[in-house]
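Notes follow once the structure below has been shown.
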Amino acid sequence: MIHFMLNGQSVQTDADPDTPLLWVVRDHFKLKGSKFGCGAGLCGACTMHVDGAAAKTCVTPIAAVADKSITTIEGLGTPEDLHPLQAAWHEHAVPQCGYCQSGQIMAAAALLDANPNPSSDEIDAGMSGNICRCGCYPRIKRAIQSVSENALAYDAMAQTEGRA
Amino acid sequence: MNSVNVSRRHFLQSGAVAGGGLVVGFSLSGCSSAAAPLPVANTKGAWTPNAFIQVLPDNTIRFYTARSEMGQGVTTGLATLVGEELDVNPLDMDIRLAGVHEDYENPLFGMQGTGGSTSIRAHYIPLRQAGANTRALILEAAARDMGVPRSSLSTDNGFVTQGDKRYPYAAFVETAQSLAIDADAPLKSAADFQYIGRDSRRVDAIAKATGTAQFGIDVDIPDLHYAVVVRPPVPGATVRSAEVTAARGMSGVTDVFEIGNGVAVVAQSFWQAKQAAAQVEVDWHSVALGQLDTKALRADYTAALDAGDGVEGPDEGDVEQALSAATTVHEAEYWAPLLAHAPMEPMNATVWIDGDSAEVWTGIQFPFAVPAIISRVAGIPAEKVQFHQTYLGGGFGRRGSVNYLREATEIAVQSSKPIQLVWTREDDIQQGPFRPASLMRIKAGVDADGQLTAWDAARAGGNISPDSFRTLLPAAFPWMGDAVAEGVAQLSEMYFEKFATDDSSTEGLFEDYDHANTRVTHMTVDHDLPLTFWRSVGHSYTAFAKESMIDELAAAASVDEVAFRLQNTQNSPRLNNVIRVAGEHMAKMNPPKGHHLGFAAHNSFHTDVAEIAEVSVENGQIRVHKVTCVLDCGQVVNPDIVRAQMEGGVVYGLTAALYGGLNLEAGAIKESNFHDYPMLRMNESPEIEVIIIDSGTEPTGVGEPGLPPIAPAVANAVFKATGQRLRSLPLQLA
């Protein structure tokens, strides 16, 4: 039996320890927001946070996350209570087919947690593990930039000065 | 012209006509014209004036979208068309993905399908009319209920208004449903549009940003079991014998058995099924394709072009005479490889057969095929099949082929369990159906005035129609027995090989420029490879050949590439205008040292697009920094979605141009996943600027036309940077 925290709740599973975290979360805990894309850690559709860091969970055995804290897209925000990145995804009309976007947003959230004001090159570096076949990259970048610290600081300043 | 041209649209239309399914139109009088009940939610008190709209007692306005949402934004686009005339903000609608019904047919196909960048074009008038007529009924009902003249009433986002007073549409449903409409209500003029032509957010963005949008792979039902299929390394090979003992003994595995395409492994979870599938050992029958590698494939195409004995397509004027009279004659050969679609969501379908009825959940481009396929495979009546469309995690043509649905049904029948079949990424890359490979040869002549005079173009490769026919025939003709269907499919293969040009095989190779003398020849070389539609279909390779050749001709004739195109597109005024605008834009660009601009323009799906690629070559690597895309797609419904589709088309096309290529080795695809079939990533993605020319004409295609110009635009820029003409895709420097 392996215990871990899933979106703030203590959970346990008797799945085979080799089972990738992705499939435990999807098939056992029925959280379907994280996606299967390649099964080889190459596309990032399965990205979740493990102790706050972005991880490719299709190649992360459940044994490796024992007693760790897992956050999935469902734990990041909900339609009624959007995370700023999710709101930015809406605002910038980022998703097309949408299948990769949970992973993109989880990667972006981890990037901003580690570096609240990334440069364009740093966004490229932080997001290059996530494939979007629809080609939403320009919009993903714009959405990330819109919630980076500088952008937020600028917005706050603009509001204070009545320029919003 | 001495050939028979059979386009996919012809085929699809004739199939549906013969199947008795050609019913185009909308039920606007309050009751459906169709015998079958509409597959809409049976919400108490809801008024369903037609197949697309439901007004609920709480004034929720539901919109049932009949076209498959695979990222192209069609749900937002079609909701906008209805909402414009119904006077309901599309972002306030409760959006539902429609089931199967003849009222949901694509008017341009005559059956329920999504593809060919047709959705906005096909529905621009009919869906607006559905909205307008519904609004008219509500207004008439309100006037009667309130005892006031209809002229004193108006509407505002789901409410009937009278001065300052607002009444929800739902308040008048009881009267409205007793009314009928004599004549179609007038449609708004473009000047009055409040949603069409304006940027708005997407109706599906929040669901897709929160992981709550349901894709086929996310479907979960009681007792669901998961299936993985062990497939032949050579597509089409069948099982001779299989060793399945080890797999059967593995944890969670419930069934292992043979199906048409291989060996199915069923388990309580996908992971268990996948692990067990790796333990199955299969001895496959050999098939002819097993002898083929990429080099031999291309050699066969070369031999066919050399033999010159193909099906004649368009033949106008005297090409030979014009070539001999030309001052500049140039000939070149262009290659495009086999490609996989690689949508992010691997193919999957969930099938539950319960006695003589079935429920199916999948994301599919051709829903019309679902009941017939299930009926045929499971032996249950088609009308007992309930289909649930899901969002498609990418389509690009791949989800027009229904083989995954057939497999899932076979497995559900044999296992007697609710089944979710999931393809692995390796299945997706290696099994097809593929974008066909193509070898194209163009010989062209230009006179002393820079006028194109001769265009002699030939293409060798496979056709997609026979495979599409084989796949969809059993659905289009449910009464036809399997053996007869197979016989007809074989006849169609022969037909396309010997007598007919599949329009999609040469589309885009010759239409755009003014050459009085034109000859198009097609050599079908069929190696039994499974082939199908791939975003922009034939244009995905013909534009590369055509626009590279145009660039080469301009260089050979020492004419500016834009001026040459302008001079030779006088008969295509909209394309000419797009070239002009893009050319003027390019003239103002000031790329940094070492960056070079390449130009290409192409008409596809009735839309004209020019692209400018800003490229550098560093250490033998092609780097695309910026792409400017200029297009005219007629009336724009949502400019932001048009921009998004151009961005997406560029990235999808650039992935193919720089990386895309599947290679055969003894009939098997060598590539298997994203490590050796790479995709463009954010760090390689160019800045993309989109300039929309609003010509106000009828709307034309948007999902595909952004793709074709990008490969030649990049190749033409590489020529400027290096002097090398790259005539094979993917583009690789010598």
Side-chain angles (χ1 to χ4, degrees), chain A residues 15-16 18-20 23-24 26-28 30-40 42-43 45 72-74 76-79 82-83 85-91 93-102 105 121 123-125 127-141, chain B residues 69-73 199 201-202 204-215 217-218 220 226 251 269-272 274-275 342-346 391-396 422 424-426 640-641 644-645 647-652 654-655 673-675 679-685 687-688:
Chain A
D16 184 293
D18 291 341
T19 308
W23 295 107
V24 173
R26 282 183 58 87
D27 290 350
H28 186 83
K30 307 290 186 190
L31 296 179
K32 303 288 191 177
S34 311
K35 305 302 187 197
F36 167 56
C38 67
L42 298 166
C43 77
T72 69
I73 188 73
E74 291 89 349
L76 195 72
T78 63
L82 296 172
H83 182 276
L85 277 167
Q86 293 169 319
W89 249 242
H90 178 48
E91 175 73 28
V94 173
Q96 292 188 26
C97 90
Y99 191 77
C100 74
Q101 299 297 350
S102 297
I105 290 172
D121 285 349
I123 294 175
D124 281 349
M127 299 301 294
S128 65
N130 290 69
I131 294 172
C132 173
R133 200 64 175 118
C134 299
C136 302
Y137 301 124
R139 286 160 190 263
I140 292 172
K141 183 177 279 188
Chain B
E69 178 60 65
M70 43 196 155
Q72 81 278 43
D199 283 338
R201 297 172 182 183
R202 294 177 61 114
D204 51 358
I206 287 177
K208 288 175 173 179
T210 52
T212 54
Q214 191 180 51
F215 297 88
I217 203 168
D218 302 330
D220 192 30
Y226 298 82
S251 167
S269 75
F270 169 79
W271 179 249
Q272 290 168 329
K274 188 173 184 232
Q275 293 298 97
M344 290 311 296
E345 181 192 17
Y391 283 117
L392 286 65
F396 315 119
V422 180
T424 64
R425 179 57 63 191
E426 289 77 12
D640 196 49
I641 289 180
Q645 284 310 293
E647 292 161 9
V650 164
V651 171
Y652 202 86
L654 201 50
T655 297
N673 206 319
F674 295 130
H675 63 290
M679 302 291 132
L680 206 74
R681 293 169 185 268
M682 187 185 280
N683 56 321
E684 303 146 311
S685 179
E687 179 192 344
I688 302 168

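Lettering of chains follows the sequences in order, A, B, ..., and the numbering in each one begins at 1. Computed over heavy atoms, backbone and side chain alike; hydrogens, waters and symmetry mates excluded.
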| request: May I ask you to check whether Gln645(B) and Gln96(A) show a side-chain donor-acceptor distance below 3.5 Å? | output: yes
Do you know which of [options] has the most heavy-atom pairs with chain B at a distance under 4.5 angstrom?
{"options": "Glu74(A), Glu91(A), His83(A)", "value": "Glu91(A)"}
{"options": "Lys32(A), His28(A), His90(A)", "value": "His90(A)"}
{"options": "Cys97(A), Ala88(A), Gly135(A)", "value": "Cys97(A)"}
{"options": "Ser102(A), Gly37(A), Ala93(A)", "value": "Gly37(A)"}
{"options": "Pro79(A), Gly77(A), Ala40(A), Gly33(A)", "value": "Pro79(A)"}
{"options": "Cys132(A), Gly129(A), Ser128(A)", "value": "Ser128(A)"}

Toward chain A, the part of [X] with a non-hydrogen atom under 4.5 Å:
{"X": "Asp199(B)", "result": "neither"}
{"X": "Ala213(B)", "result": "backbone"}
{"X": "Ser269(B)", "result": "both"}
{"X": "Val422(B)", "result": "side chain"}
{"X": "Met344(B)", "result": "both"}
{"X": "Ser251(B)", "result": "neither"}
{"X": "Leu392(B)", "result": "backbone"}

Does [X] come within less than 4.0 Å of [Y], counting only side-chain N to carboxylate O?
{"X": "Arg202(B)", "Y": "Glu69(B)", "value": "yes"}
{"X": "Glu647(B)", "Y": "Arg139(A)", "value": "yes"}
{"X": "Asp640(B)", "Y": "Arg201(B)", "value": "no"}

| field | Partner chain A: residue of Ala342(B), Gly73(B), Pro343(B), Gly649(B) with the largest heavy-atom pair count (under 4.5 Å) | value | Ala342(B)
Heavy-atom proximity to chain B below 4.5 Å, by part of [X]:
{"X": "Ile105(A)", "value": "side chain"}
{"X": "Cys134(A)", "value": "both"}
{"X": "Lys30(A)", "value": "side chain"}
{"X": "Asp121(A)", "value": "neither"}
{"X": "Ile123(A)", "value": "both"}
{"X": "Thr19(A)", "value": "both"}

| request: Verify, without hydrogens or angle tests, whether Asp218(B) (side chain) and Phe215(B) (backbone) share a donor-acceptor contact under 3.5 angstrom. | output: yes
| message | Taking Cys43(A)'s backbone N and O only, do any of them form a donor-acceptor pair with Arg681(B)'s side chain (distance below 3.5 Å, no angle check)? | response | no
| field | Over-ring placement of Lys208(B) relative to Tyr391(B), 6.0 Å and 45° cut-offs | value | yes
